[in-house]
Every structure is written in structure tokens, then in C-alpha cells.
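As C-alpha cells, the structure follows; a few thoughts come after it.
Quantities reported herein were computed from a predicted structural model and do not represent experimental measurements. Naming: A, B, ... by sequence-line order, numbering from 1 per chain.
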4 protein chains.
Amino acid sequence: MSDPKTGVPLQEEGDDQECPRWRRRAEARPGEILDAAMEMFVEKGFAGTRMEEIAQRAGVTKGTVYLYYESKEALFRAVVQDNILPSLEEGERTVAEWTGSSADLLAELMRRKWQMIGRSRLSCVPKLMTSEAANFPELARFYMEEVVHRGRRVLESVLRRGIEGGEFRPELDVRTAVRVIQSPLLNAVTHMQSLQRFDDEELDFDAFVDVAIDIILRGIAANGDKDGSDA
Amino acid sequence: MSDPKTGVPLQEEGDDQECPRWRRRAEARPGEILDAAMEMFVEKGFAGTRMEEIAQRAGVTKGTVYLYYESKEALFRAVVQDNILPSLEEGERTVAEWTGSSADLLAELMRRKWQMIGRSRLSCVPKLMTSEAANFPELARFYMEEVVHRGRRVLESVLRRGIEGGEFRPELDVRTAVRVIQSPLLNAVTHMQSLQRFDDEELDFDAFVDVAIDIILRGIAANGDKDGSDA
Amino acid sequence: MSDPKTGVPLQEEGDDQECPRWRRRAEARPGEILDAAMEMFVEKGFAGTRMEEIAQRAGVTKGTVYLYYESKEALFRAVVQDNILPSLEEGERTVAEWTGSSADLLAELMRRKWQMIGRSRLSCVPKLMTSEAANFPELARFYMEEVVHRGRRVLESVLRRGIEGGEFRPELDVRTAVRVIQSPLLNAVTHMQSLQRFDDEELDFDAFVDVAIDIILRGIAANGDKDGSDA
Amino acid sequence: MSDPKTGVPLQEEGDDQECPRWRRRAEARPGEILDAAMEMFVEKGFAGTRMEEIAQRAGVTKGTVYLYYESKEALFRAVVQDNILPSLEEGERTVAEWTGSSADLLAELMRRKWQMIGRSRLSCVPKLMTSEAANFPELARFYMEEVVHRGRRVLESVLRRGIEGGEFRPELDVRTAVRVIQSPLLNAVTHMQSLQRFDDEELDFDAFVDVAIDIILRGIAANGDKDGSDA
DNA sequence: AATGAATGAGACTTCATTCAT
DNA sequence: GATGAATGAAGTCTCATTCAT
């Protein structure tokens with residue numbers, strides 16, 4: 001969780017003990033504002049969003065937003081950071097604990113990521129960072145290092161493990177392959193947050209993930225083995 | 001080409017007849033302005049870009065921009081449309097005329113698209129439309145129909161042809177597979193236009209396209225045939 | 001004393017009769033708030049001071065200030081009036097009762113005024129009125145009449161008495177001379193409240209008063225007598 | 001002259017050569033705005049003045065002010081600096097070149113200062129700096145050093161010269177006396193800029209200066225000589 | 001065709017004031 | 001009596017757009 005006031009990451013302070021009734025509502029505020037801001041930023045972009053719209057959508061007035069976030073920029077940073085942080089270690093743990101085949105691990109990672117992204121607020125981040133990178137260079141660097149690079153490392157380790165186990169083709173250029181493998185999900189999420197509503201050809205996202213897994217696993221499988229994770 | 005003044009698609013008007021010497025230079029203006037606008041819009045987004053920055057980058061003053069484009073919105077529409085239109089029929093012609101294998105056709109299409117996109121101004125469009133869709137709904141619909149859907153139709157026809165010819169797996173869900181297949185390139189282009197500069201892990205785009213083609217062709221190949229287009 | 005609520009001058013109302021124990025502390029509040037307000041107004045000016053700063057400095061919260069003063073303006077008026085009123089008749093009494101020489105009386109008045117001003121809260125008033133006159137015309141008129149003009153009358157009477165007694169030069173333009181005579185102290189007080197802290201050349205205010213008295217008394221002394229009050 | 005944009009002192013640039021007709025007006029703008037700002041700042045203080053009022057008084061609109069001054073603060077700094085700078089060396093030159101008596105020199109300096117201050121825009125500075133010192137500490141320091149201290153040095157040198165020449169009393173505490181001597185004029189100027197309009201007792205400023213000179217010169221004169229500069 | 005001074009609507013932000021607790 | 005969350009009017013500043021030259 002980041003400090004609502006500045007948007008800077010923050011370690012826990014244990015000051016939640018005594019809490020008058022009427023603060024309950026107050027403490028929910030930053031969350032409501034954050035959600036409203038996220039939706040607006042995704043829809044209209046940072047510069048295209050008015051603070052008043054965010055306030056309205058959160059059910060408060062302009063001034064109230066400033067009680068919790070000291071500027072529009074701080075609010076944007078908070079949207080990105082608060083939505084990223086909870087999901088950071090997720091994938092790394094799964095890989096470390098996995099005992100099955102590498103193909104199954106890869107499939108599992110993609111499905112899980114899909115679930116997490118698709119149904120949580122994390123899904124806004126790739127679209128936001130793509131759109132606003134140049135306007136928030138600090139944040140962009142943070143995102144690249146703590147999210148993108150870390151995500152790549154995880155996938156690379158899975159690929160190497162699969163190659164060593166003879167599951168995946170040994171001649172694969174691991175670093176490049178990882179980027180290819182990430183593409184379908186990344187694309188789907190971004191599309192969902194922007195052009196989706198103008199696309200009259202609907203997409204069954206669960207089916208999409210299955211097809212992506214299928215094609216990728218066949219695409220990287222070693223010779224004799226062309227079974228994807230779901231026959 | 002769209003009418004510089006309104007940014008609305010336009011069929012040729014034969015009004016170039018009388019053309020004093022000094023208009024030559026003048027007619028180069030819209031192009032310079034368009035390029036400058038494209039760069040700024042990609043970098044900072046529509047709302048985040050100031051007309052004066054565009055003018056400066058184009059080497060003119062603010063007022064001059066308004067001689068050619070009647071508003072900031074018209075300029076944005078012109079950037080998108082003028083960069084889209086030239087490439088529209090491209091793929092369709094290639095498919096219609098192709099006589100080789102479907103796998104080779106698919107690989108050729110991807111490489112060609114890459115060349116076109118990677119080296120032309122078209123590459124800005126996916127990023128722009130992703131970021132600004134909600135702010136330009138008309139344009140978004142136009143883009144979805146005339147570019148995205150048409151592009152899908154082309155790839156679908158290639159897949160069907162490959163399936164009929166026994167090259168690709170018959171059980172493929174064609175419409176979904178198309179979206180998976182498009183992802184790597186789409187992703188690469190978008191990344192290039194936004195987060196790339198914050199990514200210290202460089203990427204050899206030509207290699208990336210080859211790996212993507214390789215994985216995809218293997219991923220969709222029918223049983224006995226797992227050769228990608230370049231062994 | 002002015003009514004804390006409105007800042008309007010007020011004759012005593014006998015409403016202090018019933019007074020529970022816990023009001024004791026509460027009745028100290030206006031004083032603390034008034035002092036805090038005075039300091040802030042002197043430092044930052046009326047418009048430049050925030051109610052919250054005043055509250056903080058007084059050790060209460062914003063809401064509490066409004067329990068005692070109905071608006072920021074009322075608080076400002078109270079600062080000025082409450083600091084002026086106690087000192088109003090002071091000088092007049094001294095003159096009426098004086099039996100010594102006029103030169104000594106003048107010196108005594110200046111020293112006493114200095115003591116009163118220099119060490120009391122009255123010293124903020126000239127600076128405040130100089131800075132905010134145009135924003136508080138009512139108050140400015142009140143100040144001019146009840147303080148400035150009354151002060152001039154007092155000094156004029158001293159001068160006239162000295163002239164009649166042959167101590168001071170008879171050709172003196174009394175009304176103008178009074179203003180000259182007032183200048184050094186007025187200036188010192190104002191300087192103390194504003195630029196003093198940026199002045200690295202310190203000033204011994206007691207010595208300053210002595211020098212001022214010395215120069216002035218010599219400056220206005222009649223022929224044979226050029227002794228200041230302190231030889 | 002300070003750079004209109006930032007308010008920072010500036011050395012001359014000789015770029016006035018070719019000047020289209022319509023720039024004439026434009027180049028007068030900063031001056032008009034500066035005058036308007038000066039009047040408003042003196043009247044209402046820095047925080048109490050609205051940019052729109054300044055614009056209106058200068059006969060332009062809000063936006064225009066920002067073409068010439070990048071912020072309200074920069075405008076304030078420009079008001080102070082542009083009004084101070086022209087008068088800086090003035091007094092020092094007079095003293096250096098003087099050949100008459102020290103008493104006459106002192107009287108001349110005071111009269112000249114009065115003329116300069118009383119009739120020029122410089123007169124606003126003492127009031128502004130007194131009121132806003134705490135809000136513009138940089139400027140306050142600049143003012144103290146370049147104006148106040150320099151002014152004191154000049155007067156001190158005159159006093160010392162008079163003492164050495166036997167005109168003024170040798171036991172004078174020069175540094176303190178200087179402050180006493182400066183008071184009347186300083187006070188008059190400040191009063192004129194603030195409380196004057198609420199003071200129904202008018203003051204003949206020229207007479208005031210004469211009386212001040214008279215009292216001061218007698219006040220500091222050595223024994224036998226009690227002639228002011230004007231018998 | 002080109003300029004750049006000027007405009008003014010509109011955005012971000014602040015802060016005096018209110019009020020439920 | 002005291003609090004501090006909430007409000008919304010008002011102020012600073014920006015920038016798309018216009019227009020005289």
C-alpha cells in the first residue's frame with residue numbers, strides 16, 4: 001500500500017487500533033477514490049481526466065480528493081503502485097514450489113495470471129503504463145524493473161527448466177521466446193481496457209487463453225512431444 | 001489522404017491546377033506538421049500534447065498549424081487516417097495473389113507487416129488508438145472496422161486455406177487463433193512506441209519476428225509437419 | 001475587550017455569573033488564539049495566513065477557532081482592537097498629571113511608549129494597520145482616530161506647553177513637528193516586526209530610544225537650552 | 001531592468017534594432033502591467049491581490065499577464081526590483097562629488113531622496129517590503145543589503161565627515177543616529193502608501209521634509225552652530 | 001502564407017467555513 | 001467544548017484558438 005498523500009510506497013504502520021465509528025467511512029475513502037481514478041485514467045488518459053470527474057464517480061467533491069492525494073500526479077502514481085504491489089511475488093512463488101512438468105507449469109502460470117489480471121484491478125496497469133510512460137518516467141522505470149523484468153525472469157526460468165528436462169526444444173532463444181509467449185495475454189488485457197468496447201466481434205477470453213496455451217506449448221515443444229497441457 | 005482541414009477521409013479533388021512556384025514549399029507543410037504531431041501524440045498522448053510543441057517540432061508557429069488543420073482533434077484524426085489508409089489493401093492483395101504454401105504465406109505476411117509497420121509511420125497507430133479510443137469513438141470504430149477487422153479477415157482466410165490444404169491443424173478455432181497469432185507483432189509495435197525506451201533489455205526485432213513465426217507455425221502445424229518457414 | 005465572536009468593540013456585559021469549573025480553561029482559549037493569530041498576521045499578512053496555521057500555533061484545531069471568532073476577519077479585528085484598547089488612555093493621563101519640565105515629559109513619554117510597545121503585544125498594530133489598511137477600511141479609520149490622532153493630540157499638547165514655558169522654540173510648526181518626533185519610534189517598531197530578521201546589523205533598541213530623544217530634544221530646544229533629558 | 005519573464009536582474013541585450021509597427025504596443029506592455037501590479041500590491045498586499053485585477057487595471061486580460069511574467073511571484077519580484085535598481089547609485093554619487101558643508105549635504109540628500117521617492121515609483125518599495133518580507137525572504141535580503149545597508153553607509157559617511165569637520169557633535173553614535181535620521185522620510189513614504197487615505201489631517205510633505213531637516217540638523221549640530229540648512 | 005500577441009474558457013489546487021460526531 | 005472530514009467558491013495558471021499585421 002502506498003501513502004495516499006504522496007503515492008510513495010510505504011511500510012505498514014500499526015495505527016489501526018482505535019477507530020471511532022465515523023472514521024470507518026473515512027478510511028474507505030481512499031479506496032473509492034482510487035477505483036474511480038483508475039477507471040477514468042484508463043478511459044480518458046491522465047491529461048484527459050478531470051479531477052472533478054474522479055470525485056463525482058467516487059461520490060465526493062473535488063476538495064475531498066485532495067484530503068487524500070496531494071495532486072493529480074500523486075493520485076495516478078497511487079493507482080499504478082497500489083494495483084501492482086499486491087501481485088508482485090505471486091508468480092515467483094508458484095515456480096519455486098512447482099513439482100509437475102514444465103509445460104503444465106507454463107500453462108498454469110498463464111491461466112493464473114489471466115485470472116488475477118482479468119478479474120482484479122491489476123488489469124489496468126499495462127494500458128496505463130503504455131499510454132502514460134513518457135509522462136511518468138519514474139513510474140515507467142519502476143514498472144519495467146519490478147514488474148516487466150521480474151515477469152520475464154520467471155518465464156525464462158520455466159523455459160530453461162523445460163529445456164533441461166527435454167520438454168522444450170533446446171535451440172530456443174529463451175529471452176526472445178519469453179516475449180513471444182507473453183504477448184497474447186498482454187495484448188488481451190490491453191485490448192480489454194481500450195478497444196474492446198468498439199469491437200463488435202466478441203471474444204471468449206477463457207477460450208482465448210486456452211488457444212494461446214495450446215499454440216505456444218506446441219510451438220515450443222521438443223520433437224516427440226506436441227501435446228499441449230490440455231489434449 | 002484526408003482533407004487537411006477537417007481530417008475527414010476524402011476522395012481526390014482536382015484542385016491542384018494553378019500552382020504558383022511558392023506553393024511548392026507550402027504543400028510540404030502538412031506532412032511536416034503531421035509527422036511532428038504524430039511524434040508528440042505518441043509520446044504524450046492527445047490531451048498531454050500542446051499545439052505549440054507540435055508547431056515547434058514542425059519548425060513553424062502555432063498559427064500556421066491552423067492554416068492546415070482546423071483544430072487539434074482534426075489534426076489527431078489526420079494523423080491516424082493518413083497513416084492508416086496507404087496500408088489498407090496491402091495484405092489483401094498479397095493473399096489473393098499467393099501461390100505457395102500457406103505456412104510460407106503466413107510467414108511472408110508477418111514479415112511484410114513487420115517491415116511496413118516497423119519502418120513506416122503506420123507503427124504509431126496501434127499505440128494511439130489504444131490510448132485514445134475513448135476520446136475518439138468515431139475514429140476507434142473506423143479503426144476497428146477498416147483495420148482490425150479487415151486484418152483479421154485476411155489472416156482467417158490464410159488459416160482456412162492452410163487447414164483445407166492439410167498444412168494446419170483442422171481442429172483450430174480459427175477466429176481465436178488469429179488473435180493469438182496477431183499478438184506478438186502488435187505487442188512489439190506498441191512496446192516500441194511507449195515502454196521501449198525504459199527497457200534496458202534491448203530486443204532484436206528481426207530476431208523477434210523470426211522466433212514468433214517459428215513458434216506460431218509449429219504451434220498450428222498439422223501432425224507430420226512441424227517445419228516453420230525457415231528451417 | 002472586544003466580543004470574541006464578532007470582533008466589535010464591546011462594553012461589559014455582566015454575563016459571567018454562572019461558570020462551571022471546566023470553563024476556566026476554555027476562557028483562556030481566546031487569548032491563546034489571539035496571540036497565535038497576531039503572530040501569523042504580522043508574519044504573513046491577513047490574506048497570506050491560513051486559519052489552520054493559526055489553530056495549530058494555538059494548539060487547537062480549525063473548528064475550535066470558529067467557536068470563538070465567527071470569521072477570519074472578525075479574528076483580525078479582534079487582534080487589532082484587543083491590543084489597542086488597553087493602551088489608549090495611558091499617555092493622556094501621564095501628560096495631565098505631569099509637573100516637571102516639558103523636555104523631561106517628552107522623554108518620559110517616549111521611553112514609556114517604548115516600554116509599552118516594545119514589550120507588549122501592542123507592537124504588532126502599526127505593522128498590521130500599515131499592511132492591511134486598504135483591506136480593513138473600517139478598522140483603519142478606527143485606528144487613525146482613536147490611536148494616531150489621539151497620540152498626536154497628546155504630543156502636540158506637550159509641545160505647546162514646552163513652547164509656552166520657553167523650553168522649546170516658539171517658531172515650531174507644532175503639527176508637523178509632532179509627526180517628525182513620532183517617526184523614530186514608529187519606524188523602529190515596524191522594522192522590528194518585519195525586516196528586522198533580515199537585517200544583520202543589530203540594533204540596541206534602548207540606545208536607539210536614547211539617541212532619538214537626544215536628537216529630538218536638541219532639535220526643538222529653545223536657544224540657550226540644548227540639554228537633552230540625559231546629559 | 002529585470003527579465004519580465006522571471007523577475008531576475010538582467011544585463012542589457014541590444015536587441016531593440018528592428019521593430020515592426022505592431023510590436024511598439026507590445027513592448028510597452030510589461031511597463032503597464034508592472035504599474036498596475038505595483039498599485040494593487042501596495043493597496044491589497046501580495047496575497048490579497050488577484051491577477052485578474054492587475055490585468056484589468058493594465059487594460060489586458062489575465063492570460064496576457066502570463067505572456068510577460070511567469071507567475072504572480074515573479075511579477076511581485078519584478079515590481080520591487082525594477083523600481084529599486086534605477087535609484088541605487090544615486091546617493092553615493094552625490095556624496096562623492098559634494099564640496100559644500102556637511103549640513104548642506106545632509107539636507108540636500110534628504111530633499112533629493114524625497115523628490116525621488118515621493119514622485120517616482122520607488123516609493124512603493126518600503127511599504128511592500130515591510131508588508132511582504134516574510135513571504136519573500138530572498139527579496140527581503142536583497143533589499144536589506146542593496147538598499148537599506150547601502151543607504152545607511154552613505155548617511156554614515158556624511159555624519160563622519162561632519163564630525164571630522166567640526167560641524168556635528170563628536171560624541172554622536174553614528175550608526176544609531178543614522179537610523180534616527182532616516183526615520184522621518186521612511187515613515188512619511190510608508191504612511192503615504194497606506195494609512196494616508198484614512199487620515200483626514202492632511203500633511204504638506206515639502207513642509208514636513210523641511211521641519212525634519214531643521215530638527216535633525218539642530219539635533220546633531222556641534223555646540224556653537226545650531227543653524228539648519230535653511231535659516 | 002506566416003506570425004505571435006491576445007484571449008478566455010477551463011483545469012488544478014487552496015482554504016474559509018460548516019457540521020456530524 | 002472540541003474535532004476533523006467534507007464542501008465549494010475562488011484563485012492561479014494553461015492552452016486551444018483567433019486575428020491584426
message: Within this structure, what is the CG-CZ distance for the pair D:N135 and D:F76, rounded to the nearest 0.5 Å?
response: 8.0 Å

- prompt: Within the structure, does a side-chain N or O atom of C:Y68 lie under 4.0 Å from either OP1 or OP2 of F:dA2?
  reply: yes

- prompt: Just how far, in rounded Å, is P of F:dG4 from OH of C:Y66?
  reply: 16 Å

- prompt: Sequence neighbours excluded, which residues qualify as side-chain hydrogen bond (donor to acceptor under 3.5 Å, both in side chains) partners of B:S131?
  reply: A:S131

Euclidean distance, atom CD of residue A:E32 to atom P of F:dA5 [Å, nearest integer]: 15 Å

message: Using every non-hydrogen atom in the two residues, find where D:A55 and D:T61 come nearest and quote the distance to one decimal.
response: CB-C, 3.6 Å

message: Nearest whole Å is fine: how far is E:dA5 C1' from D:I33 CD1?
response: 11 Å

- line: Rounded to whole Å, CG of A:L67 lies from C1' of F:dT7 at a distance of 9 Å

DNA chain F: stems of at least 3 consecutive Watson-Crick or G-U pairs whose donor-acceptor distances fall under 3.5 Å: E:2-21 with F:2-21

query: Considering heavy-atom distances to DNA chain F, does C:T64 or A:T64 have its closest nucleotide positioned more toward the 5' end?
result: C:T64

field: From CZ (A:R77) to OG (A:S71), nearest 0.5 Å
entry: 6.0 Å

message: Set out, in order, the CA-CA distance, both residues' side-chain angles and the distance that settles side chain to side chain contact (heavy atoms under 4.5 Å, CB included) for D:E132 and D:V80, then state yes or no.
response: CA-CA 11 Å; D:E132 307 294 343; D:V80 173; over 6 Å; no

query: Got a second to check how far D:Y69's OH is from D:L34's CG, nearest 0.5 Å?
result: 4.0 Å

message: Please give me every residue in residues 44-61 of chain B whose heavy atoms get under 4.0 Å of an atom in DNA chain F, ordered by residue number.
response: B:T49, B:R50, B:M51

message: Please confirm whether the shortest side-chain N or O distance from D:K72 to OP1 or OP2 of F:dT12 is below 4.0 Å.
response: yes

message: Using the side-chain heavy atoms of C:K62, tell me which of these nucleotides is nearest: F:dA2, E:dA6, E:dT17.
response: E:dT17

message: Using heavy-atom distances to pick each residue's nearest nucleotide on DNA chain E, tell me which of C:G63 and D:G63 is more 5'.
response: D:G63

message: Please give me the minimum heavy-atom distance between B:V79 and B:N83, naming the atom from each residue.
response: O-ND2, 2.9 Å

Gap between atoms CD and C1', on A:E70 and E:dC15 respectively (whole Å): 16 Å

query: Given atom CD of D:E73 and atom P of E:dT14, what is their separation to the nearest angstrom?
result: 14 Å

Contacts under 3.5 angstrom, residues 35-47 of chain C side chains, donor-acceptor by atom type, not counting sequence neighbours:
from: C:D35; atom 1: OD1; to: C:R121; atom 2: NE; distance (Å): 2.9
from: C:E39; atom 1: OE1; to: C:R57; atom 2: NH1; distance (Å): 2.5
from: C:K44; atom 1: NZ; to: C:E53; atom 2: OE2; distance (Å): 3.1

Non-neighbouring partners of A:Q56 that pass side-chain contact (heavy atoms from CB on, under 4.5 Å), sequence neighbours left out: none

